[in-house]
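Keep in mind it's a predicted model, so treat the numbers as computed, not measured. Naming convention: chains lettered A, B, ... in sequence-line order (proteins, then strands); numbering from 1 in each chain. All values below were derived from every heavy atom in this structure, side-chain atoms included, with hydrogens, water molecules and symmetry-related copies excluded.
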2 protein chains.
Amino acid sequence: MDSSTIPAAISDGVRERILSAARAEFAQCGFGAASVRTIAQRAETTAAMINYYFGGKQALYDTVVADAQGRLFARLAAAIAAGGREGLPVRLALAHFDFLVEERELQRLLLRQMLDQGGAVRERSEALVGPLTRLMHEHFGDRDAARELAVSMFGAISGYFIYEPVLGAFLGQDPLSPERLAARRRHIAELTMLLERSTQ
Amino acid sequence: MDSSTIPAAISDGVRERILSAARAEFAQCGFGAASVRTIAQRAETTAAMINYYFGGKQALYDTVVADAQGRLFARLAAAIAAGGREGLPVRLALAHFDFLVEERELQRLLLRQMLDQGGAVRERSEALVGPLTRLMHEHFGDRDAARELAVSMFGAISGYFIYEPVLGAFLGQDPLSPERLAARRRHIAELTMLLERSTQ
DNA sequence: GCCCCTGTTAAACACTCGTTTAGAACGGTT
DNA sequence: AACCGTTCTAAACGAGTGTTTAACAGGGGC
């Protein structure tokens, strides 16, 4: 919610306002249910401006999604580049976790993209997953067990946020409170180290 | 895809045809992007029949979602009721895994529901999560570590299917092939036992 | 002065949406 | 026979969809 109003007031470039409004709206409603008029209203413009700057609803969506994918990948790449072999799994896991905490909007966006256009994601995923996979192989080899564990860790990390609406009843407290997030972060780090040891 | 055509041919009750067409369409497109006319076409009827039998698009959606939630919960409850304390975590994990393998459509449906109407899910989750949580507490006590691990396991299991479009590039093979699914199932069981031991 | 280009607006376009309505067909009851 | 409720169809309704269009400002170059 903040990300559509506050940045809109700071930078008053129409293109940027549309982009951040679209990010919020697409994340909230998905591509099909989002309306260009609503996006324009959030960006304090008219719908025609969206076509003027981006060429159409689909092109705007593609821009927003590519941007989000790039941001997530940059975060993970930075975690890999940060240090040596030591503690890399924990760095990767925590980078993913922190990304999801700070950019919950982008997670919704990318999740929806996976649900809506799984096929399109499959085609483009080579460019995104390829480099990350290669870097992982440099560090861990290409053992099946390591790959399997990596999938489990990514699922465990993002699952906490995906199932957040249901976790309140399960955990007995707000899953997104600072204390809860800190506890979850510790758990993720410990779990990663435990699993790392188990493959050695 | 099959679930909309084959069952429609078997049972030719209009109400049932609409239900299974709606399940497929809502899972594929989400509530907002799905169209009652498309659903009617899949069910070989007219859109007016949807209002005649269900009262409207929203009511049809609610029916479909409640049915899906009930099916998932029944599966998990059966896994809990199946035996004693011994091996319960593994039974629960594998029940969840098998549910997702057999009913991928329902997973998409419930995932979308969580994304689209997180608030509504939060309200209704007590009825769904409550009994399951109570049963878990009977078996594991209400230690924080056990709850945290349960969340991780649910995430790891469902994450495999959520990220399926991307996993092909990461794993180097079709994530949904029978051999791959069998390997993943073994991994889930081993992982669950490993984590169970770690909390004792 | 005039002209061109960029940014912006409001109106209109054709279309789809969910829902409502009037009426027809049908089987069963009286 | 006439009547009834149920099931279904086809058409229409108003609202909202993405996109296009024509007109309009305003600044810089000639």
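The closest donor-acceptor contact from the side chain of B:R180 to the backbone of B:D174 lies at 3.5 Å or more, if one exists at all.
For DNA chain C, the contact window with chain B, defined by any atom under 4.0 Å from a protein heavy atom, covers C:dC17 to C:dT20 in 5' to 3' order.
Straight-line distance from the NZ atom of A:K57 to the C1' atom of D:dT20: 17 Å, rounded to whole Å. Between the CD1 atom of A:I50 and the C1' atom of D:dT17 there is a distance of 13 Å, given to the nearest Å. Rounded to whole angstrom, the span from the CE atom of A:M49 across to the C1' atom of D:dT21 amounts to 13 Å. Rounded to a whole Å, the CZ atom of B:R15 is 12 Å from the P atom of D:dC8. B:Y52 has its OH atom 4 Å from the P atom of D:dT7, to the nearest Å. Residue B:E44 contributes atom CD, which lies 11 Å from atom P of D:dT9 at whole-angstrom precision. Between the C1' atom of D:dA11 and the CG atom of B:N51 lies a distance of 15 Å, rounded to the nearest Å.
Shown here is B:Q41, whose CD atom has no more than 12 heavy atoms of other residues, nucleotides or ligands within 6.0 Å.
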5'-to-3' dot-bracket of DNA chain C (Watson-Crick, G-U; under 3.5 angstrom; crossing pairs as [ ]; | other strand):
|..||||||||||||||||||||||||||.

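Under the 4.0 Å criterion applied to side-chain N and carboxylate O atoms, A:D98 and A:R185 are assigned as salt-bridge partners. A salt bridge does not link B:R184 to B:E179: none of the charged nitrogens lies less than 4.0 Å from a carboxylate oxygen.
B:F161 and B:F97 have their aromatic ring centers within a separation under 6.0 angstrom.
Ring geometry for B:F26 versus B:Y61: interplanar angle over 60°, hence perpendicular rather than tilted (30 to 60°).
Residue B:A34 is classed as a sugar-phosphate contact, given heavy-atom separations below 4.0 Å to backbone atoms only. When heavy atoms are screened at a 4.0 angstrom cut-off, A:A33 is found touching no nucleic acid atom at all.
For A:R37 and A:T46, each mapped to the nucleotide of DNA chain C holding its nearest heavy atom, the one lying further toward the 5' end belongs to A:T46.
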